[in-house]
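In this text, all values refer to a predicted model and were calculated from it rather than measured experimentally. Letters A, B, ... mirror the listed sequences (proteins, then strands); counts begin at 1.
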Number of protein chains: 2
Amino acid sequence: MSRWEPNARGRLAEAALELCGERGYEQTTVAEIAKRAGLTERTFFRHYADKREVLFGGSGALQELFVNAVTGAPESAAPIDSIAAGLQAVSAMFVGRREYSRQRQALIVANAELRERELIKLASLSAALADALRRRGVAEPAASLTAEAGVAVFKVGFERWIAPAEEREMSQVMRESLDELKAVAAGG
Amino acid sequence: MSRWEPNARGRLAEAALELCGERGYEQTTVAEIAKRAGLTERTFFRHYADKREVLFGGSGALQELFVNAVTGAPESAAPIDSIAAGLQAVSAMFVGRREYSRQRQALIVANAELRERELIKLASLSAALADALRRRGVAEPAASLTAEAGVAVFKVGFERWIAPAEEREMSQVMRESLDELKAVAAGG
DNA sequence: CTACGTGATGACAGTGACTGACATCAGGTG
DNA sequence: CACCTGATGTCAGTCACTGTCATCACGTAG
């Protein structure tokens, strides 16, 4: 066996979600999170740049997956259709994680600091998508606008997917949300 | 004369812009800002909820002005045209403040914390505009989409207006940016 | 004129996020 | 066996932010 328990980063994220879920984000200290994960406060900050970041650990993987799917879409695919491919790829990553996502989102909407962090993550995602579209030969401002539209659909679709009564898979909800955006854009 | 120098809030904002401009946002402490304004750190936090907020003091007035202009637009005006009226009203507020705006924006884009705060201010503006449109009888999702479009035009227009070579008035730049959005949306 | 309330401020101690510097120590490598 | 490496612990320190109480010019009631 190794010197330390494995997956310190994951243990910190799990401990943070548990503790913040029990008593709220602001009422949870970094020292407490670290202690539950069997680590010290100083080690927490070696894994996460700040306290908020521990609740956004998956955003990097999400962005990478989304961008890769857009990049890997057929050359013939229109910009909005490569975004659609990205939405489908991202949906696969959330299979079986609806309850987890609900808990996490409840935390975020309840706290202004966390909402700020979420907004900048989505802005980063939008910029990365626009970049991917540009590499596919999409010109500006179409690339940025399509990227923004993709993020808007993701936001709307995600909120619907975690709604209390909702039981459909995320991929289906995303497809439907994208269709609605297309209808609105067409003046429907 | 009164017991204290007047306009403590404004003095704090001015001191903050000066000091952060000289040495950067992170290298400036709240105690230093307060001292330059002739106040104490404790008093700073009686005027601003946190350190970032001192650089966003005008955002409340901007949102109010924008929303009022939208609300006060002729009943016959289409949603996008009431937004256009808001953009014109906001432009009036920036007359003679281009250099100030350049300095402030340079600070914000240079710092991730400040960018986060700016994003949530814009999100708040978008929500307020959507609300104003709904009160004008605009249905969803048209209200939210039009509001988002309005904020997008404001962002693009503002960035153009503070660009180094730019000398036109903000009202003209905003008009032009809105026209471009309309062209893009029309598939042009 | 005096007493009292009010509101903006100062003073001070305390918490918690975050950082820098140095120590530790299992495991791999030559 | 000596040495290096990487993840961790320890500790002191800075700074954002808060709660609490004191101060004191000003206005106002009596």
Side-chain angles (χ1 to χ4, degrees), chain A residues 1-57 107-108 110-118 120-121, chain B residues 1-57 107-108 110-118 120-121:
Chain A
M1 70 179 205
S2 63
R3 183 173 179 186
W4 299 285
E5 293 300 311
N7 194 25
R9 219 183 133 83
R11 271 154 44 216
L12 285 168
E14 189 181 353
L17 196 69
E18 286 174 13
L19 287 171
C20 294
E22 291 168 11
R23 64 184 91 161
Y25 174 77
E26 286 184 359
Q27 283 65 48
T28 306
T29 70
V30 172
E32 289 166 345
I33 296 170
K35 188 172 182 180
R36 175 164 302 197
L39 296 166
T40 64
E41 187 181 4
R42 188 68 185 85
T43 299
F44 176 97
F45 288 108
R46 290 197 177 98
H47 287 278
Y48 295 101
D50 57 47
K51 183 184 172 188
R52 309 178 208 177
E53 201 62 18
V54 71
L55 295 171
F56 292 86
L107 274 180
I108 290 172
N111 184 275
E113 281 183 46
L114 296 176
R115 261 180 283 134
E116 284 187 342
R117 181 57 52 90
E118 189 185 32
I120 208 166
K121 294 287 185 187
Chain B
M1 69 179 206
S2 63
R3 183 173 180 190
W4 300 284
E5 292 300 311
N7 194 25
R9 220 183 132 83
R11 269 152 49 216
L12 285 167
E14 189 182 353
L17 196 68
E18 286 175 13
L19 286 170
C20 294
E22 291 169 12
R23 64 185 91 161
Y25 174 77
E26 286 183 358
Q27 284 65 48
T28 306
T29 70
V30 172
E32 289 166 343
I33 296 170
K35 187 171 183 182
R36 175 164 301 198
L39 297 166
T40 63
E41 187 181 3
R42 190 65 187 87
T43 299
F44 176 97
F45 288 108
R46 289 196 178 99
H47 288 278
Y48 295 101
D50 57 47
K51 182 184 172 187
R52 307 179 208 176
E53 201 63 17
V54 72
L55 296 171
F56 291 86
L107 273 180
I108 290 172
N111 183 275
E113 281 182 46
L114 296 177
R115 261 180 284 135
E116 284 187 341
R117 180 56 52 90
E118 189 186 31
I120 208 166
K121 293 287 184 188

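Rounded to whole Å, the distance from CG on B/Asp50 to P on C/dA17 is 16 Å. In this structure, the NZ atom of B/Lys51 is 15 Å from the P atom of D/dT18, given to the nearest Å. Going from atom CD of A/Gln27 over to atom C1' of D/dT18 covers 14 Å, rounded to whole Å.
Here the side chain of B/Thr29 is nearest to one of D/dA16, D/dT23, C/dA21, namely D/dA16. Closest to the A/Trp4 side chain, of the nucleotides D/dG6, C/dG7, C/dA17, is D/dG6. With D/dA7, C/dC18, C/dG10 as the candidates, the nucleotide lying closest to the side chain of B/Thr40 is C/dG10. The listed nucleotides are D/dA16, C/dT9, C/dA17; the one nearest the side chain of B/Val30 is D/dA16.
Comparing A/Arg11 and B/Tyr48 by the nucleotide of DNA chain D whose heavy atom lies nearest to each, the residue mapping closer to the 5' end is A/Arg11.
Taking the charged nitrogens against the carboxylate oxygens, B/Glu26 and B/Lys51 have no contact shorter than 4.0 Å, which rules out a salt bridge.
Taking only side-chain nitrogens and oxygens, B/His47 never comes nearer than 4.0 Å to OP1 or OP2 of C/dA8. For A/Thr43 and D/dG9, the shortest distance from a side-chain N or O to OP1 or OP2 is below 4.0 Å.
Of the possible polar contacts, one joining the B/Arg11 side chain to the B/Pro6 backbone as a donor-acceptor pair under 3.5 Å is found. Side-chain N or O atoms of A/Arg36 include none that pairs as donor or acceptor with a backbone N or O of A/Glu18 at under 3.5 Å.
Residue-to-nucleotide contacts include a donor-acceptor pair under 3.5 Å from the side chain of B/Arg46 to the base of C/dG10.
Between A/Arg115 and A/Ile108 the shortest heavy-atom distance is CG-O, 3.6 Å.
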